[in-house]
Trainee: 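Provided herewith is a single structure, encoded as structure tokens, for subsequent inquiry.
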Amino acid sequence: MSDAINKIFGIDLGTTYSSIAYVDEYGKPVIIPNAENQRITPSVVFFDGSEIVVGDVAKESAKLYPNEVVSFIKRSMGEANFLYEYDGKTYRPEEISCYILRKVAQDAEQTIGEKVQDVVITCPAYFGINEREATRKAGEIAGFNVRQIINEPTAAAIAYGTVQETENRVVLVYDLGGGTFDITMIDIQESSIDVICTGGDHNLGGKDWDDRIVAFLVQEFQRQTQSEEDILEDPDTWQDLQLSSEKSKKILSQRDKTPISITHGGDRVKVELSRDKFLEITEDLLERTIALTHEMLKDAKNKGYEHFDEIIMVGGSTRMPQIPDRIRQEFGMEPRMFDPDEAVAKGAAIYGWKLSLNDGLIKRIAEKTNRSVDDEEDIIETTPKQIMEEVAKEMSEETGVTLSAVKRSTMKIRDVASKSFGVVARRPNNQEGVFNLILKNTVVPVETKRTFYTPEANQERVLIRIMENETNEKVVSVEHSIEIGTAVLDLPEGLPEDSPVEITFNLNREGRLQITAIETSENRQVVAKIETSSVIQGKELAEAIERAQHLVVH
Ligand code: ADP
Ligand code: MG
């Protein structure tokens, strides 16, 4: 492939493991191993004096330095109050995540001898506005040009759709990772991938299975030593049990039982954990994934999707044999395990590759037809087929990419809103409620308007509280929503009570929300930038970028 195509890398920024991929000159997605020659890197960060260590070494260091090691940072993405303190400095989740991104990118640069600049980063489908924005910021702090944030199940479906020959099908992607569970229905067609519905729980993942083993071990320790001590209060023991529980869990994916030893305060206790016992103490977790799947299927049914053709499993935790067993039993079909550790990064890379081919195609057409590349949608829609063909052919010859790949690069991905979005207003009974303008699982991009009325005469301004929630109802209580930002609309003087204010929500393809409010009597308009303290910005962001520039991650 010539340099005419700008490489865009795909990064799976996982809760427990991360990885990076690109598409090689044969059009195949390839995972780039890290410096330790592993295809996935633990998303664990160790603050070691002036050095930042990410990956296996960090994970192992947790035993010795439990307070200097940060794991599962993704669970805190978009949280306003999460601050990790080290050596008198505080770090936001975005900055800590940036270290993980830097580690996988830096190692990849070493291996392939090219700079990682443009990237597509994945996030769980149910990530809300703040979490998505935080993910994007993590990439920006790392110094990347973040081309797009795409959903993990969508990425997995892209990887799956490109290995599967053309046949149209509706698939369920059951993604059980280390910290998260995502269930998504996707309609794969030859030239498009549509996300129909999505659900899940961002606090349910392999770690919860580990925690059950930890709890079991604590009990066994107490029983065998006849003590009531909570050995988890000792951070060393806690770390030790975490690591040995995850190891035991993985062994139980292969074997019927596993020996585990617990050392604490000079006592050593041996325990045997059988697979049956493991299934028993984790059964409710598995059942929860099934219940969440049914919930999502109900939503899909309401949208006219009554059945699906297959279930694909991704995420490391689907290696536990009870997962496919239970799915088989529940849905009467054989789930397919699909590249569980790598599908997401590979799918993101394929998507990035399509973006860059598409960029090239648009650029060439724009040159030929004397238009601006900014009219991308327009160019795709209005360029005569013949010119498209011609340009695609030229590009294929120039770059060595097959003609069909160039043509398919305009493939459409349609996603849905992962949450409902609304504003706080008074209900007829005068109580506050959240009026949803965009409902969960609506196809994006989407724009909706709604008119509200000022409650008082001579009001100087309207404060618009922008809310996010998981429900599918038009009006929900404030307690069931989280506030993602506010906007202020200044009003002209002397407006009567009940003056109309029109609010427009626009959710783009990537799940970014823009809000416009118009006071209709004098037609004043504000484009509300969502102000939120949950995501790093301003001076703090600039400082983080500055710090990251000189950063070498080990
Ligand atoms: P994430 O995307 O959330 O980082 P992954 O999809 O990489 O997660 O999955 C990581 C999880 O998979 C971890 O909890 C890990 O313990 C679990 N896992 C990996 N291999 C196995 C296995 N053989 N058996 C059981 N669990 C496994
Ligand atoms: Mg994952």
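Note that ligands are numbered from 1 as they come in the structure, with each ligand's atoms numbered from 1 the same way. Not measured: the values here are computed from a predicted model.
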Trainee: Could you go step by step and tell me if R288 and D284 meet the salt bridge (Lys or Arg N to Asp or Glu O under 4.0 Å) rule?
Mentor: CA-CA 6 Å; R288 179 147 169 73; D284 60 308; over 6 Å; no
Trainee: Can you find a side-chain donor-acceptor pair between D339 and Y160 that sits under 3.5 Å?
Mentor: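 Looking only at side-chain atoms, Y160 and D339 do not form any donor-acceptor pair under 3.5 Å.
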Trainee: Heavy atoms under 4.0 Å from ligand 1: which residues qualify?
Mentor: G14, T15, T16, Y17, G177, G178, G179, G206, E246, K249, K250, S253, G315, G316, S317, R319, M320
Trainee: Check this for me: does any side-chain nitrogen of one of D107 and K103 sit under 4.0 Å from a carboxylate oxygen of the other?
Mentor: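 Here D107 pairs with K103 in a salt bridge, since their nearest N and O are under 4.0 Å apart.
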Trainee: Between S481 and N469, does any side-chain donor sit less than 3.5 Å from a side-chain acceptor?
Mentor: yes
Trainee: Check residues 235-243 and write down every donor-acceptor pair under 3.5 Å in which the side-chain atom is one partner and the other belongs to a residue at least two apart or another chain.
Mentor:
{"from": "T237", "atom 1": "OG1", "to": "D234", "atom 2": "OD2", "distance (Å)": "3.2"}
{"from": "T237", "atom 1": "OG1", "to": "H264", "atom 2": "ND1", "distance (Å)": "2.8"}

Trainee: Please identify which of these residues, T293, D309, I327, I312, meets the side chain to side chain contact (heavy atoms under 4.5 Å, CB included) condition with L172.
Mentor: T293
